[in-house]
S.K.: 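What follows is a single structure, and I will ask about it in a moment.
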Amino acid sequence: MAKPSKQTASPSKDINACLARWTGLVNDALDRYLPQPNCAPAALHRAMRYSLFAGGKRLRPALCLAAAEACGGQIENAIPLACAVECVHTYSLIHDDLPAMDNDDFRRGRPTCHKVFGEAVAILAGDALLTQAFEIVALAKAQPRYSHGDMVLELARAAGSRELVGGQVADLQAEGRKISTAELKRIHQRKTAALIRCSLRLGGMSVNCSPAALDALTEFGTNVGLAFQVIDDILDVTQSSQQLGKTAGKDQAAEKATYPAIVGLEKSRQIAARLTNRAFESLRPLGSRADLLRALGELMLRRDR
Ligand code: GRG
């Protein structure tokens with residue numbers, strides 16, 4: 001993978017150990033927030049848990065917690081928000097895998113939700129996870145600068161028709177069509193970067209961050225989110241299904257617009273590195289407190305799944 005410039009990247013802590021610890025905290029909290037698997041209707045709750053605890057990388061929750069830390073706050077405040085964004089993310093994956101959309105049989109290393117529970121329950125499990133996310137935001141602690149309303153608005157906008165859902169529609173409509181890199185970037189902004197940026201902003205809001213810190217997180221989130229999707233497109237071409245835990249090579253088969261398809265692999269790697277460097281630049285005002293965010297940015301650029 002292409003390298004970001006040394007001067008801005010300073011992953012000083014053991015990011016993998018930190019990620020493992022944070023994943024544990026988020027998983028425990030999600031387990032508490034979600035209805036138990038035997039709670040009626042059991043099929044629905046089992047389906048929600050099946051996808052939520054399928055071994056996702058938990059990058060959005062990690063970004064949320066690291067943002068709270070970068071703003072000098074306690075990660076405990078950010079845990080509910082980290083859980084909420086992961087519920088929205090998992091819902092979007094369940095729906096994206098449905099036959100009416102990407103029609104995928106394999107996700108997070110196991111059969112997709114609709115393959116195991118049927119289409120109707122999978123649709124409803126996605127709906128319930130989306131709703132669950134807002135219930136969890138309501139249970140978070142409001143802050144002097146940020147009310148519950150501000151947090152709900154943040155998540156609703158990122159998940160709604162102008163961002164995540166709108167990006168998915170634009171992505172489906174671009175299939176089989178030749179589009180420019182500018183149009184592709186706009187799709188990536190909505191379907192991928194919006195929720196990543198929202199994860200960071202909610203992390204900052206959960207610890208009452210300053211407006212300047214929120215701006216820094218916003219800029220970081222946009223660029224790291226765009227880089228994340230470019231890498232995702234590269235991995236779809238270069239990795240095996242087993243490595244990815246989802247079906248590889250689907251973009252080409254569906255004639256999807258991707259950076260590798262439009263500009264080639266090498267240029268795509270350069271674009272991802274450039275976006276990551278730009279993301280690091282925006283963290284300067286946060287100083288060394290943002291080291292974990294820098295390390296996460298590095299990890300996202302260099303990931304192999
Ligand atoms: C159906 C409303 C709706 C939206 C779907 C999420 C999405 C939009 C489509 C899925 C395919 C895709 C390329 C999404 C972009 C975001 C992305 C790269 C998701 C995968 O995120 P990871 O790698 O997944 O963090 P894990 O499983 O590790 O959580």
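When a ligand or atom number is given, it counts from 1 through the structure's own listing order.
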S.K.: Is the shortest distance from a Lys or Arg side-chain nitrogen in R49 or D31 to a carboxylate oxygen in the other one below 4.0 Å?
M.R.: yes
S.K.: Taking everything shown except E76 itself, do over 12 heavy atoms lie less than 6.0 Å from its CD?
M.R.: yes
S.K.: So for R60, does at least one of its heavy atoms come nearer than 4.0 angstrom to any atom of ligand 1?
M.R.: yes
S.K.: Could you check whether D171 pairs with K256 (Lys NZ or Arg NE/NH1/NH2 to Asp/Glu carboxylate O, under 4.0 Å)?
M.R.: yes
S.K.: At what distance is the nearest protein heavy atom to atom 24 (O) of ligand 1, and which residue and atom is it?
M.R.: H89 NE2, 3.5 Å
S.K.: Under a plain distance cut-off of 3.5 Å, with no hydrogens placed, do N277 and E281 share a side-chain donor-acceptor pair?
M.R.: no
S.K.: Provide the number and element of each atom of ligand 1 under 4.0 Å from a heavy atom of K191.
M.R.: 13 (C)
S.K.: Can you list the ligand 1 atoms lying under 4.0 Å from a non-hydrogen atom of T192?
M.R.: 15 (C), 16 (C)
S.K.: I'd like to know whether D96 forms a salt bridge (Lys or Arg N to Asp or Glu O under 4.0 Å) with R107, so could you lay out the CA-CA distance, the side-chain angles of the two residues, the decisive distance to 0.1 Å, and finally the verdict.
M.R.: CA-CA 10 Å; D96 181 64; R107 167 76 68 182; 3.5 Å; yes
S.K.: Polar contacts were defined as any N/O atom of the residue lying under 3.5 Å from an N/O atom of the ligand; does this apply to Y91 and ligand 1?
M.R.: no
S.K.: Pick whichever of S92, G109, S51 has a heavy atom sitting closest to atom 6 (C) of ligand 1.
M.R.: S92
S.K.: If you have a sec, work out which protein heavy atom is nearest atom 11 (C) of ligand 1 and how many Å separate them, to one decimal?
M.R.: D96 OD2, 3.4 Å
S.K.: With respect to E86, determine whether any N or O atom, backbone or side chain, lies less than 3.5 Å from an N or O atom of ligand 1.
M.R.: no
S.K.: R108 heavy atoms, cut-off 4.0 Å: which ligand 1 atoms fall inside?
M.R.: 26 (P), 27 (O), 29 (O)
S.K.: Is R177 salt-bridged to E183, going by a charged N under 4.0 Å from an acidic O?
M.R.: yes
S.K.: Just to be sure I'm reading this right: ignoring hydrogens, which of K246, Q168, R303, Q229 gets closest to atom 15 (C) of ligand 1? Compare them by their nearest heavy atoms.
M.R.: Q229
S.K.: Within 45 degrees of the axis of the six-membered ring of F220 and under 6.0 Å from its centre: does R197 put its NZ or CZ there?
M.R.: no
S.K.: How about CD on E175, more than 12 heavy atoms from neighbouring residues, nucleotides or ligands closer than 6.0 Å, or not?
M.R.: yes
S.K.: Within ligand 1, which atoms have a heavy atom of H95 less than 4.0 Å away?
M.R.: 1 (C)
S.K.: Write out the residue and atom name of the closest protein heavy atom to atom 22 (P) of ligand 1, then the distance separating them to 0.1 Å.
M.R.: K57 NZ, 3.4 Å
